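Just so it is clear, the structure is predicted and the values come from calculations on it, not from any experiment.
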Amino acid sequence: MEGITEFQQAAEPKNEDYDSTELQKEGGITDLDDEYLTEEERLHPWRQTRTFYWSVVVASVAVLFYGIDITAISGAQVGYIPHFGLENRTYHQGVMVSCIYFGCFVGVFIALFTNTYFGRRFTISLASFISTGACIWEAVSPSWQVFIPGRIILGFSYGMIGETAPVYLAEMSPASIRGAIVSLYQQVVTIGIFLAYLCNLIFVWVNYQNVGWRIMIGFPMVPSVIELFLIWTVPESPRWLIKRKKYEEAKRNLYKLRLTAETAERDFLRIKKGVEEDEILQKGKNLLVEIIRVPYIRRALLIGIMEMLFQQMSGMNVFMNYIDEVFEENINMGARTSVAVSLFPGFVNMVATVIVYFTIDRYGRRTLQLVTFPVMFLMLLMVLFSFYGDKKVNLAFFIIGVVFFIVAYSPGAGPVPWTFCAEVFPTYVRAAGTTVTTFFVNAFNFALSFSWPSMKAAWGPQGGFGFYAGFNFLGIVMQFLFLPETKGFTLEQMRVVFEEGLFTIAAYHCRAGWRSFRKLLGLSVPDTPLVSPYDKAFAIDRAKREEEMMHAGEVSK
């Protein structure tokens, strides 16, 4: 611990006394203006303090166990299914994988309470403690009846980390790199998935039907134990401290997390102003009702739920939760061989996620989804047809289909919905909005994880993969019509994206798509420019004019 303290002390920037008087004169800046960045922040956005990067590392460790467990359960199935005598009991197989999401529902609401009153660090620490105990419970379970409660309790920590870690990452990050830092959540999950594949590969050779599967299922406790101690070596979220009126501590933490005193003071004043405005907006309101009552928030919520639906129903978690069992039963591999082969898709998932850092802000969320979903659809068709014909050809088609499905999923359907849902809600209802979308993603994940064994038994694996291919095709259509582009908008400006109705947005996408199709065929298109209802300059100019009319006492649109 002494070494960590020295590291943190060395990490702190040399902040001189700074006069924040000028910053306090920023009353003329409105939430529709772009966030102010210094020349240094524009030129060197990744030049940050050691304390900041140490905090990113520590928060990332908390996410590792989530990724590890997703894959640990897949490898462990080749051991615990015969050990518990569940070979022909598809219902029980589905329950043992999916029951964790019942715990997630509870964990999300536990996190809402602990995040409000005790802070981000306490919530992550509590989740790590619960995860450690639940992993031990699962690993020593003598029967499936004992195994299931342990897995539900593990779900508590799932929900708590999923609700807290992205928020902590966002709240301590400077605006210039916030999107990339929040996207790190998905990257760390994929690293955890790969580490679990490695663990499965090692311990499938250690009497896997009695001992090996127990080590696999207990492996997620390793990052949990580490996180239990490390989380107290990083600063608490400045935003949470300001909400709790702990202004001096919040300012001290910002001085540790920012390179200069000027930046720390500026961010302190902006966060404080935002928190005060949120408290005014929240006063006397039920926030869960608010996200349904206010039209533009309701539209954002509907699109957020849609994104989570197609993320889960793309079929990715079939590969993550059941790929070893699919290799063993349907590709006729041995248990050990199936675990070894599954290492390659895990590696591809980890590497391909890196693509998102170079594309999500440059090309946009909508573009990523519309490019990757057609690839996922075609690859699932390839997986479907791999079950017919020569065995060696089938195996090649299956591996190619799975690998390129994951290559498309990793920078698209994986991180984009999380980024989208983290940015589209106004700050005063962001917690309520992300809670609802997190609830739905867990519900969809439960439906997929629970239904796959029974679906495979009733329709065969080809029928199951055909079902998810159909969902990917539906995702292409729905996202083409209704998903707006949020690239380039600050968090405060995001409301103008959803000012127009979803059918207005869909009509614009149809007209723009028809023009693009005619251009592709070399046909003429009208010279009149087609203005997007969420074009940044147009939408912000309209919103500012409406605000000016309101302040002048006129009736706005």
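- Using cut-offs of 30° and 60° on the angle between ring planes, the pair F398 and F465 is perpendicular.
- Remark: Q312 CD to S449 OG distance equals 7.5 Å, nearest 0.5 Å.
- Nearest heavy atoms, L483 versus Y534: O-OH, 4.4 Å.
- Residues satisfying the ring pair (Phe, Tyr, Trp, His ring centres under 6.0 Å) test with F420, not counting sequence neighbours, are none.
- Counting heavy atoms of neighbouring residues, nucleotides and ligands inside a 6.0 Å radius, atom OH of Y508 exceeds 12 of them.
- Taking the side chain as every heavy atom from C-beta outward, W452 and M455 approach each other to under 4.5 Å.
- The aromatic rings of W144 and H92 sit perpendicular, their planes meeting at an angle over 60°, well past the 30° parallel limit.
- Screening C135, P220, C199 for a side-chain contact (heavy atoms from CB on, under 4.5 Å) involving I68 leaves a single residue, P220.
- Ring planes of F373 and F310: perpendicular class, angle over 60° (limits at 30 and 60°).
- The shortest non-hydrogen separation linking P411 to I355 is CB-CB, 3.8 Å.
- Looking only at side-chain heavy atoms (C-beta outward), L302 and F482 stay at 4.5 Å or farther from each other.
- Counting heavy-atom neighbours within 6.0 Å of F129 CZ, excluding the residue itself, gives a total of 12 or less.
- Of the N and O atoms on the side chains of Q187 and T190, at least one donor lies less than 3.5 Å from an acceptor on the other residue.
- Taking the six-membered ring where the residue is Trp, Y53 and W46 present parallel rings, their angle staying beneath 30° rather than reaching 60°.
- Classified by interplanar angle (parallel below 30°, tilted 30° to 60°, perpendicular above 60°), the ring pair F147/Y80 is tilted.
- With F480 as the aromatic partner, R366 meets the cation-pi criteria of under 6.0 angstrom to the ring centre and within 45 degrees of the ring axis.
- No donor-acceptor distance shorter than 3.5 angstrom exists from the side chain of E163 to the backbone of G107, with no hydrogens or angles considered.
- Ring planes of F473 and F377: tilted class, angle from 30 to 60°.
- Using cut-offs of 30° and 60° for the angle between ring planes, the F467 and F471 rings count as perpendicular.
- Side-chain atoms of S314 and F405, non-hydrogen and from C-beta on, do get closer than 4.5 Å to each other.
- The two atoms that bring V56 and L169 nearest to each other are CA-CD2, 4.3 Å, heavy atoms only.
- Other residues, nucleotides and ligands contribute only 12 or fewer heavy atoms inside 6.0 Å of the CZ atom of F347.
- For the pair Q369/E307, a side-chain contact is recorded, criterion being any heavy-atom separation below 4.5 Å from C-beta on.
- Inter-residue side-chain proximity for V189 and I193 is flagged as met; some heavy-atom pair is nearer than 4.5 Å.
- Residues in residues 407-416 take part in these side chain to side chain donor-acceptor pair (under 3.5 Å) pairs, two or more places apart or across chains: N349-S410.
- Side chain of R365 to backbone of I360: a donor-acceptor contact under 3.5 angstrom is found.
- Among pairs with a residue in residues 134-158, those fulfilling salt bridge (Lys or Arg N to Asp or Glu O under 4.0 Å) read D69-R151, E138-R151, at least two apart in sequence or across chains.
- Contact of the I476 side chain with the N472 side chain is not registered, since no non-hydrogen atoms from C-beta on lie closer than 4.5 Å.
- F444 has its side chain out of reach of L448: every pair of non-hydrogen atoms, C-beta onward, lies at least 4.5 Å apart.
- No more than 12 heavy atoms of other residues, nucleotides or ligands sit less than 6.0 Å from atom CZ of F102.
- Of the possible donor and acceptor atoms, none in the side chain of S131 sits under 3.5 Å from a partner among the backbone N and O of A127.
- The shortest side-chain heavy-atom distance between I297 and V429 falls under the 4.5 Å cut-off.
- Listed here is the closest heavy atom pair of L530 and A512: CD2-N, 3.5 Å.
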